[in-house]
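Comments concern the structure below.
Index from 1, following the sequence.
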Amino acid sequence: MGDPGSPITHLSSLVTEIMRTHYCGLVSAAQLDQSVTLCGWVNTRRDHGGVIFIDLRDREGIVQIVCNPSRPEVFAVAEKIRNEFVLRVTGKVIRREPALVNSKLKSGEIEVLCHELEILNPAVTPPFQLDEENLSETTRLTHRVIDLRRPQMQANLRLRYKVAMAVRRYLDEAGFIDIETPMLAKSTPEGARDYLVPSRVHDGMFFALPQSPQLFKQMLMVAGFDRYYQITKCFRDEDLRADRQPEFTQVDIETSFLTEAEIRGIMEALMRSVFKQALDVALPDPFPVMTYAEAMLRYGSDKPDLRVGLEFTELTDVMRSVEFKVFSGPANAPGGRVAGLRIPGGGTLTRGEIDAYTQFVGIYGARGLAYIKVNEAAKGREGLQSPIVKNLSDAALAAIVERSGAKDGDLIFFAADKAKIVNDALGALRVKVGHEKGYAVAGWKALWVVDFPMFEYDDEAKRWVAMHHPFTAPKDGHEDYLATDPSKAIAKAYDMVLNGSEIGGGSVRIHREEVQSKVFRALAIGAEEAKLKFGYLLDALQYGAPPHGGIAFGLDRIVAMMAGTESIRDVIAFPKTQRAQCLLTQAPSAVDEKQLRELHIRLRSAEKQPEKT
């Protein structure tokens, strides 16, 4: 009846009457001269001189149906059908004429001569054709059901399924168990805003949707489960962009009694396995490891895109003594930096291109983009071309050329400002120029970035904040810095980076209550506040908590990268817009007064009510 081992074959052995015998896209020459029954949607209908051809589509692909006028009852039905009608077809599999074979389709060698044709459901004209290009995202998300029928979207979601299954297989074999954690939890407003859920039973009280299962998975380690994982939804009420959604999916993992290096080893083996199974791509073994300090020094980013071969040249010390205040000012200021970026062969860049790059770095706070064209390096000052050359000493110019390794025909860009601005601006320029001008290689470049600072200083709040989260353990020997100098404390934290994107981040956790309390004090979280927000975790840590650590991978981002799409919305079945709206269901929406009363909520005024979309 069907291909051996197919679900349809198994079903047909259990029932006397079935809806279909095969998937459209799986019918092939193996079924020649057999009778098949197919169900699907009309992809296209063509009338060729009295013979009607129908391309019938289901999740596995397309097969061509032939309707001849020699069967009047079939032909009469075929004349009525249009694109996206749902059909049931019974017919005989025959071979196509050699000149008509379509090698791009599994069914391309055959066609089905229709004996019976039934319209299971007609369809109105869809808002767009499935092969239409350059559709607006508003149109696609408003009519998401039709958008999901398009071959690329079908491929994206099947890829997502393959990735999730590969994750589950690997973790199951490695001894991890899938444990669900609550979706209604306590609000702990650090970082992004929580989504709040009012309680009907407890007047004036609220649950929060979890930003991650962080505290629960740590308590599972205290409970002795040893190896946990979960593919779970997380929620953050924050401003959105292409790689952010208010609800997103994490592969959440935690394990006990392993060192940082052991955890990283298991996790990179997981990602190698996933890429091999989903894409047949071999990621490096082992991944290169780079410290946070090195990444920032060389690339200005804690998630460097190693496909781009360009690197920074550190020039802060060189510029401290120059008279050019644009460089010497930041070089001598606390937290300032001056760095260069050599572009091999960049001397051919036009003035218009340089102006465009100057405008680009302005997005990141840079007030300008100085440059030097190296015409003849051996001539020293005379061989360099730039408005800033006259402001720099011969020693400084020589150091720039020597440190950068500049050759004749190269160009060097410069950034001078606070270190963050320099890193952000020049780092983004590095990636942009690298990909636009051919300094990037194809393929997948993975690495670990490790040894992150425990804290970063929030100038607005005037206090230290956790760079990852407040449950990250300090490196051995760094506990004393928590009280004396938080800026020096390094964390047992690690990010997995792939092609310039952070795809996973984790750390070894604090497993001793006294260390956790020290971290809270460094973060200016008092004992009473810590007890109120995290008391259940602090209590658990007192009952023999094991050393533990873990990681969380962004499933949406990984699949989007695999699928070659810029937006994670292309790999999520029903995503939200950048304004956190669902155009398909028109959510969020207003609710009636009765629902609000049940939740003990009163809106301040009619103007404050949610807008109907």
Side-chain angles (χ1 to χ4, degrees), residues 241 243 288-320 326-343 346 354 357-372 400 403-405 411-436 439-440 445 447-460 464-468 486-491 493-502 505:
R241 56 180 187 261
D243 61 347
V289 179
M290 184 180 299
T291 65
Y292 171 88
E294 182 184 0
M296 300 305 293
L297 180 70
R298 295 171 62 185
Y299 306 109
S301 171
D302 60 1
K303 45 183 183 294
D305 186 347
L306 296 189
R307 293 173 300 173
V308 177
L310 307 177
E311 295 191 19
F312 286 11
T313 299
E314 179 56 41
L315 296 170
T316 305
D317 59 324
V318 173
M319 298 302 171
R320 288 190 180 120
V326 171
F327 284 176
S328 62
N332 287 290
R337 185 180 189 189
V338 183
L341 180 69
R342 179 176 74 93
I343 312 298
I354 293 173
Y357 288 139
T358 302
Q359 187 174 5
F360 172 75
V361 297
I363 298 171
Y364 300 90
R367 290 171 288 185
L369 185 64
Y371 71 91
I372 291 177
I400 290 169
R403 286 194 184 183
S404 66
L411 178 142
I412 305 169
F413 283 121
F414 299 88
D417 212 308
K418 294 179 180 178
K420 182 176 181 353
I421 293 176
V422 171
N423 293 337
D424 289 350
L426 210 58
L429 182 66
R430 168 185 170 271
V431 174
K432 183 176 177 63
V433 173
H435 285 285
E436 286 183 351
Y439 302 110
K445 292 289 187 178
L447 79 153
W448 287 105
V449 177
V450 302
D451 292 357
F452 284 82
M454 283 280 290
F455 311 106
E456 51 191 346
Y457 196 74
D458 186 331
D459 290 323
E460 186 174 332
W464 293 99
V465 295
M467 179 168 276
H468 278 69
S487 68
K488 293 182 179 179
I490 302 299
Y494 38 83
D495 283 357
M496 185 184 289
V497 177
L498 183 66
N499 287 6
S501 290
E502 177 205 330

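Taken to the nearest 0.5 Å, the NZ atom of Lys418 stands 6.5 Å off from the CG atom of Asp459. Separation of atoms CG (Leu306) and CG (Asn499) is listed at 8.5 Å; rounding is to 0.5 Å. From Met467, atom CE reaches atom CZ of Phe455 across 11.0 Å, with rounding to the nearest 0.5 Å. Between the CG atom of Asp424 and the CG atom of Leu429 there is a distance of 12.5 Å, given to the nearest 0.5 Å.
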>> Run the side chain to side chain contact (heavy atoms under 4.5 Å, CB included) test on Asp305 and Tyr299 for me, step by step, so that the C-alpha distance in whole Å, both residues' side-chain angles and the decisive distance to 0.1 Å come before the verdict.
In response: CA-CA 8 Å; Asp305 186 347; Tyr299 306 109; over 6 Å; no
> Are Ile354 and Phe413 close enough, and set up right, to give a side chain to side chain contact (heavy atoms under 4.5 Å, CB included), and what steps lead you there?
Replying inline: CA-CA 9 Å; Ile354 293 173; Phe413 283 121; 4.2 Å; yes
>> Determine whether Asp451 and Glu294 satisfy the following criterion, side chain to side chain contact (heavy atoms under 4.5 Å, CB included), listing intermediate values before the conclusion.
In response: CA-CA 10 Å; Asp451 292 357; Glu294 182 184 0; over 6 Å; no
>> Pair Met296, Asp302 - check side chain to side chain contact (heavy atoms under 4.5 Å, CB included), show working.
In response: CA-CA 6 Å; Met296 300 305 293; Asp302 60 1; 4.2 Å; yes
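Side-chain contact between Pro486 and Tyr457 is absent, with no heavy atoms from C-beta onward closer than 4.5 Å.
By the salt bridge (Lys or Arg N to Asp or Glu O under 4.0 Å) test, Arg430 pairs with no residue at all, sequence neighbours left out. In this structure Asp458 satisfies the side chain to side chain donor-acceptor pair (under 3.5 Å) test with no other residue, sequence neighbours excluded. For Tyr371, the side chain to side chain donor-acceptor pair (under 3.5 Å) partners are Arg351, not counting sequence neighbours.
Arg403 and Asp317 are joined by a salt bridge, as a carboxylate oxygen and a charged side-chain nitrogen come within less than 4.0 angstrom of each other. Looking at Arg367 and Asp417, a side-chain N of the basic residue comes within less than 4.0 Å of a carboxylate O on the acidic one, giving a salt bridge.
Between Phe327 and Phe414, the ring planes are tilted. Angles from 30° to 60° get that label. In this structure, Tyr292 and Phe452 have tilted ring planes: the angle between them lies in the 30° to 60° band.
When all heavy atoms of Val308 and His435 are compared, the closest pair comes out as CG2-NE2, 3.7 Å. The shortest heavy-atom contact between Ala491 and Met454 is CB-SD, 3.4 Å. Nearest heavy-atom pair across Val433 and Ile343 is CG1-CD1, 3.8 Å. Of all the heavy atoms in Gly346 and Tyr439, the pair that sits closest is N-OH, 4.2 Å. Between Met290 and Pro304, the shortest heavy-atom contact is SD-CG, 4.5 Å. Of all heavy-atom pairs spanning Ile412 and Gly340, the tightest one is CG2-CA, 4.3 Å.
Side chain of Arg298 to backbone of Glu311: no donor-acceptor contact under 3.5 angstrom is found. Using a distance-only test at 3.5 Å, with no hydrogens or angles considered, a donor-acceptor pair links the side chain of Arg337 to the main chain of Leu297. In this structure, Arg342 contributes its side chain and Ser404 its backbone to a donor-acceptor pair below 3.5 Å.
The only option from Pro334, Pro330, Ser328 that meets the side chain to side chain contact (heavy atoms under 4.5 Å, CB included) definition with Asn332 turns out to be Ser328.
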